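Scroll down for the structure; my scribbles are underneath it.
In what follows, every chain begins at residue 1, and chains take the letters A, B, ... in the order their sequences are listed. The shown structure was predicted, so the numbers you read here are calculated from the model rather than taken from an experiment.
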2 protein chains.
Amino acid sequence: MLKEISLPSPHDCSDCPIRHRAVCARCDADELEHLDKIKYYRSFEAGQTVVWSGDPMDFVGSVVSGIATLTQTMEDGRTQMVGLLLPSDFVGRPGRDGSAYDVVATTDLVMCCFRKKPFEKMMLETPHIAQRLLEMTLDELDAAREWMLVLGRKTAREKIASLLSIIARRDATLHLRPAQGKVVFDLPLTREAMADYLGLTLETVSRQISALKRDGVIQLEGKRHVTVPDLDRLMDEAGDDSDGGVFA
Amino acid sequence: MLKEISLPSPHDCSDCPIRHRAVCARCDADELEHLDKIKYYRSFEAGQTVVWSGDPMDFVGSVVSGIATLTQTMEDGRTQMVGLLLPSDFVGRPGRDGSAYDVVATTDLVMCCFRKKPFEKMMLETPHIAQRLLEMTLDELDAAREWMLVLGRKTAREKIASLLSIIARRDATLHLRPAQGKVVFDLPLTREAMADYLGLTLETVSRQISALKRDGVIQLEGKRHVTVPDLDRLMDEAGDDSDGGVFA
DNA sequence: AAGCCTCTTTGACCCAGATCAAGCGCGAAC
DNA sequence: GTTCGCGCTTGATCTGGGTCAAAGAGGCTT
């Protein structure tokens, strides 16, 4: 198994890239100082498991950079990804000891962790944190429900288009580019991970990506670098009428 | 369209059947009194729509009795149920004007509604409410993710068994009976609603129910009255290893 | 630069579940 | 008591996506 990387230099909340979106978004200077005392950074290599389902977790935290996945596995090995954790997303559940899912780093990953007990205590005393966490949890619930429609009712082609448009829009907002017209990005997931997210096999994922390429909906350079000439076209293929905004 | 029924007699929080499970579970007497001022009851007939997706909602609230569903619909009519609302479950999202889903009463339904604006104000001032809502939202998120595994990876037979065992366990806990051995209950959903929940067609639902009956996993009296001779057997068929507890 | 290893693509075939189509059973309306 | 309508079942057939199998394409190691 891979070794955990130690972070070269711990940094300060004031220049934290996720300062304004994470669970600490609403905190004032005093509260940040308090958080600072219970926080620490951890880094993981791509492919490393952050927590195993069922294992005790003595921390909660935020993704600072990189991407992690939340997956559930059945005894016979069938797996379903139930969440994609992007920078600023929260990991762990206050008031619960074990993790309900496997959390795996898909890319190199940096997390800002809080020791669980002190964090829980602080949540009770600091409405700003509890409020922000509620808001984030409600957003995740909406995203999960949006995904239930994808899993339950969409065709393979629509599923792929849905995933690509989510990534494309997320990337556009992250880089403050307009979320329409031409979008270019790198796929952060392998075909297998995409299959696990979409409830498909990796062969079907591959075939449908080839089909979308053949039909000019996307262009591919290598296996991962994607160009979407017309985001509206892609979103049409996804079957949702413009709305969307799952991981907004 | 059906008419809304007016409730014969509004009742008091102290003898409310969902007092200890709903969003108000942690409230003390003062807080309940405050809530009482902004609350009102509404009743709906089976089949009636409580809110349409996209429509403005000027209230949030709790299901007091009956069952409601949360569904999403695509332009071409494909629909996916994304939530099953049982007594004590919360409806609506503080801080959002419109409903993201259709909310439909599956049975006759009574709701305890709070005017939205005052409720939002009260949430900011009353940690007990925000804390309980966070807890409930986290539970719903877990349930939604559990359901993603069902939708994405389970076979039709496993899907049916999963739904039946959820209903059976919920019913058992609601009536304080042991959640194992023999369980008897009524299906609160039509075959079509089950299909919408499971991402199947109603024909497949019907066939798989017949198959489970033929195999002795369940017994049916009429279309809706179900006897599960051995809950463990049913849960085996659902494919999850004992754990479960989605709507616990 | 040869050999591996992992990720990916593509082909051939198969099957679970969708679709299309009757028909049943039971309560409500006339 | 007959008819209507709705919810449900069952059969026949079709098909999207799964399964099994082979091979290409980079990137790393030695």
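The NZ atom of A/Lys159 sits 11 Å away from the C1' atom of D/dG16 (whole-angstrom rounding). Regarding B/Asp76, its CG atom lies at a distance of 15 Å from the C1' atom of C/dT19, rounded to whole Å. For the pair B/His225 NE2 and D/dC8 C1', the computed distance is 18 Å after rounding to whole Å. When rounded to the nearest whole Å, the span between CZ of A/Arg157 and P of D/dG17 equals 11 Å. Per the geometry, CE belonging to A/Met194 stands 13 Å off C1' belonging to C/dC7, to the nearest Å. The separation between A/Leu202 atom CG and C/dT6 atom C1' is 12 Å, rounded to whole Å. For the pair A/Glu221 CD and D/dG26 C1', the interatomic distance rounds to 15 Å; values are reported in whole Å. Atom CG in B/Leu200 sits roughly 11 Å away from atom C1' in C/dA16 (whole-Å rounding).
Contacts between residues 203-220 of chain B and DNA chain C, counted as heavy-atom distances below 4.0 Å, involve B/Glu203, B/Thr204, B/Arg207.
The shortest side-chain heavy-atom distance between A/His225 and A/Phe185 does not fall under the 4.5 Å cut-off. You'll find the side chain of B/Arg153 stays beyond 4.5 Å of the side chain of B/Glu158, heavy atoms only.
Nearest-nucleotide mapping onto DNA chain D: of A/Ala156 and A/Gly222, the residue sitting toward the 5' end is A/Ala156.
In terms of heavy atoms, A/Ala156 sits closest to A/Thr204 at CB-CG2, 3.8 Å.
Between A/Tyr197 and A/Trp147, the ring planes are parallel. Angles under 30° get that label, and only those over 60° would be called perpendicular.
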Between B/Thr227 and B/Lys182, does a side-chain hydrogen bond (donor to acceptor under 3.5 Å, both in side chains) hold up when you go through it step by step? CA-CA 7 Å; B/Thr227 302; B/Lys182 183 170 170 174; over 6 Å; no

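Panel note: side chain B/Arg169, backbone B/Ser165; a donor-acceptor pair is recorded below 3.5 Å.
Contact annotation: A/Thr201 side-chain N/O to D/dG17 OP1/OP2 distance is not under 4.0 Å.
Defined by atom type and a distance below 3.5 Å, a donor-acceptor pair is present between the side-chain atoms of B/Thr79 and B/Asp196.
For A/Thr155, taking side-chain heavy atoms from C-beta onward, the closest of the listed nucleotides D/dG17, C/dT8, D/dT9 is D/dG17.
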